[in-house]
*Asks:* 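One structure, pasted below without further comment.
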2 protein chains.
Amino acid sequence: MPVILRPEELTLKTWVQFARTFTRMARRLDQALETHGLSVPQFDILATLGFQEGITQQELAQRLLVTKGNICGMIDRMEANGWVERRPDPEDRRANRLFLTDEGRKLLGRAMPDQQLLLGRIFDALKEGEKQLLYQFMGRLEDAVEG
Amino acid sequence: MPVILRPEELTLKTWVQFARTFTRMARRLDQALETHGLSVPQFDILATLGFQEGITQQELAQRLLVTKGNICGMIDRMEANGWVERRPDPEDRRANRLFLTDEGRKLLGRAMPDQQLLLGRIFDALKEGEKQLLYQFMGRLEDAVEG
DNA sequence: TATTGTTATACTCTATAACTATA
DNA sequence: TATAGTTATAGAGTATAACAATA
């Protein structure tokens with residue numbers, strides 16, 4: 001039975017529940033990633049490169065909403081682990097293009113199905129149309145954030 | 001015009017958008033809290049105590065989904081700032097009961113309206129019924145997280 | 001024995017800012 | 001001048017685990 005909230009308290013409570021749900025889901029996903037020796041930000045980088053290789057560090061930073069200094073350190077560690085590779089951009093000698101190594105691709109191939117399975121089980125709580133709606137709501141909320 | 005996604009990609013994309021929206025909103029709220037010298041976790045503690053004073057550190061930890069060791073350090077810093085107060089529980093000498101100081105209450109009184117204004121502006125992107133729906137979805141998703 | 005809180009330790013992610021090399 | 005990346009630094013929040021006091 002759905003809880004109905006009064007308008008005055010609805011916004012705040014929705015945000016609190018939003019944050020709570022995000023935290024719980026993120027931790028569950030993090031827990032699953034640990035079995036692969038990955039953190040969430042590292043997985044995000046692997047997944048982004050799996051989707052589109054050859055982007056620059058700057059582009060990666062913008063997609064993941066972090067600074068380039070942050071990405072630089074992340075890539076240092078991930079390159080040391082043999083998961084990703086920096087290749088000089090032949091047309092702009094300031095820039096690096098980022099690629100997955102074979103090992104990085106294999107690692108992503110092991111971790112991604114886990115994540116999808118977990119997400120699938122959780123999102124089973126919503127019907128197809130509800131998921132579409134949620135996706136929409138998220139987009140509208142993101143657009144409504146100023147700055 | 002709403003974007004329609006194919007079922008196969010919907011779950012993953014919804015999660016990615018979910019995480020992205022949460023991050024953006026949390027940073028915007030954090031930015032506003034900085035003007036009061038507060039972090040998000042600190043605000044969460046003030047708000048929790050503003051809602052219900054006299055809880056123990058353990059109870060606070062459980063509500064905020066963090067460990068008691070974490071809370072202990074947070075309260076150390078916030079007590080040093082003069083925002084909260086530990087009072088020994090007369091009935092259980094192991095426990096502390098937590099209270100806002102006058103200054104903590106004033107600080108919360110300054111920071112909370114900011115946060116509510118910001119949230120109000122962002123959540124204006126959703127109609128009343130949509131907010132209710134989102135609140136519901138979040139509760140169902142949280143319940144679907146195992147562990 | 002179990003629980004509350006404390007302490008010590010360590011780690012990850014994050015940001016800022018100054019620096020370099022190129023554009 | 002502006003941009004891509006690097007480096008150094010700092011800080012917050014988080015967890016784990018061992019410990020003390022009390023229940």
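Just so you know, these numbers use all the heavy atoms, side chains as well, and skip hydrogens, waters and symmetry mates. Quick caveat, the model's predicted, so the values are computed rather than measured. Just so we're on the same page: letters track the sequence lines, and every chain starts at 1.
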*Asks:* Counting heavy atoms from C-beta on, name the nucleotide in dG5(D), dT4(C), dT6(C) closest to the side chain of A95(B).
*Replies:*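 Among dG5(D), dT4(C), dT6(C), the one nearest the side chain of A95(B) is dT4(C).
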*Asks:* Is it the case that T48(A) and Q52(A) place a side-chain donor and acceptor less than 3.5 Å from each other?
*Replies:*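 No donor-acceptor contact under 3.5 Å links the two side chains.
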*Asks:* Assuming nearest nucleotide by heavy-atom distance, tell me which of R93(A) and Q57(B) is located more 5' along DNA chain C.
*Replies:*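 Its nucleotide being nearer the 5' end, the pick is Q57(B).
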*Asks:* Of the options R24(A), R121(A), R27(A), which is the one that meets E146(B) in a salt bridge (Lys or Arg N to Asp or Glu O under 4.0 Å)?
*Replies:*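 That would be R121(A).
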*Asks:* Do R28(B) and Q31(B) meet the criterion of a side-chain donor-acceptor pair at a distance under 3.5 Å?
*Replies:*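 Side chains of R28(B) and Q31(B): pair found under 3.5 Å.
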*Asks:* Just the rounded figure in Å: distance from C1' of dT4(C) to CG of L60(B).
*Replies:*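 Distance check: L60(B) CG to dT4(C) C1' gives 14 Å.
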*Asks:* With a non-hydrogen cut-off below 4.0 angstrom, is D92(A) in contact with a base, only sugar-phosphate, or nothing?
*Replies:*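 Sugar-phosphate contact only.
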*Asks:* Look at the aromatic rings of F22(B) and F18(A) and report parallel, tilted or perpendicular, splitting at 30° and 60°.
*Replies:*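 Plane angle over 60°, so perpendicular.
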*Asks:* Without decimals, in angstroms, what is the distance between Q58(A) CD and dT3(D) P?
*Replies:*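 These atoms are roughly 10 Å apart.
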*Asks:* CG of N96(B) versus P of dT6(C): gap in Å, rounded?
*Replies:*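 After rounding, the gap between these two atoms is 5 Å.
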*Asks:* Starting at CZ of R86(A) and ending at C1' of dT7(D), how long is that distance when rounded to a whole Å?
*Replies:*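 For the pair R86(A) CZ and dT7(D) C1', the rounded distance is 12 Å.
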*Asks:* Whole Å only: how far is the CD1 atom of I71(A) from the P atom of dT7(D)?
*Replies:*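 Computing the I71(A):CD1 to dT7(D):P distance gives 15 Å.
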*Asks:* Side chains of Q57(A) and R86(A): do they bring a donor and an acceptor to under 3.5 Å?
*Replies:*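 Looking only at side-chain atoms, R86(A) and Q57(A) do form a donor-acceptor pair, the distance falling under 3.5 Å.
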*Asks:* Check every strand shown and say whether R97(B) touches a base, only sugar-phosphate, or nothing at a heavy-atom separation below 4.0 Å.
*Replies:*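 R97(B): no heavy atom of the nucleic acid under 4.0 Å.
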*Asks:* Which residue, R97(A), R87(A), R105(A), forms the side chain to side chain donor-acceptor pair (under 3.5 Å) with E53(A)?
*Replies:*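 Per the side chain to side chain donor-acceptor pair (under 3.5 Å) rule, the option paired with E53(A) is R105(A), out of R97(A), R87(A), R105(A).
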*Asks:* Quick one: L98(A) CG to dT6(D) C1', roughly how many Å, whole number?
*Replies:*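 After rounding, the gap between these two atoms is 14 Å.
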*Asks:* What's touching nucleotides 14-20 of chain C from the protein side, N or O pairs under 3.5 Å?
*Replies:*
unit_1	atom_1	unit_2	atom_2	d
dT14(C)	OP2	N70(A)	ND2	3.4
dT14(C)	O5'	N70(A)	ND2	3.1
dA15(C)	OP2	T67(A)	N	3.1
dA15(C)	OP2	T67(A)	OG1	3.4

*Asks:* Between C1' on dT14(D) and CD1 on I45(B), what's the gap in Å once rounded to a whole number?
*Replies:*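 Rounded to the whole Å, the gap is 13 Å.
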*Asks:* Does one side chain, of Q58(A) or R94(A), offer a donor that lies under 3.5 Å from an acceptor on the other?
*Replies:*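 Looking only at side-chain atoms, R94(A) and Q58(A) do not form any donor-acceptor pair under 3.5 Å.
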*Asks:* Which comes earlier along DNA chain D counting from the 5' end, the contact point of E91(B) or that of V40(B), where each point is its nearest nucleotide?
*Replies:*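 The residue mapped nearer the 5' terminus is V40(B).
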*Asks:* To the nearest Å, give me how far apart CD (Q42(A)) and P (dC11(C)) are.
*Replies:*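 The answer, rounded to whole Å, is 14 Å.
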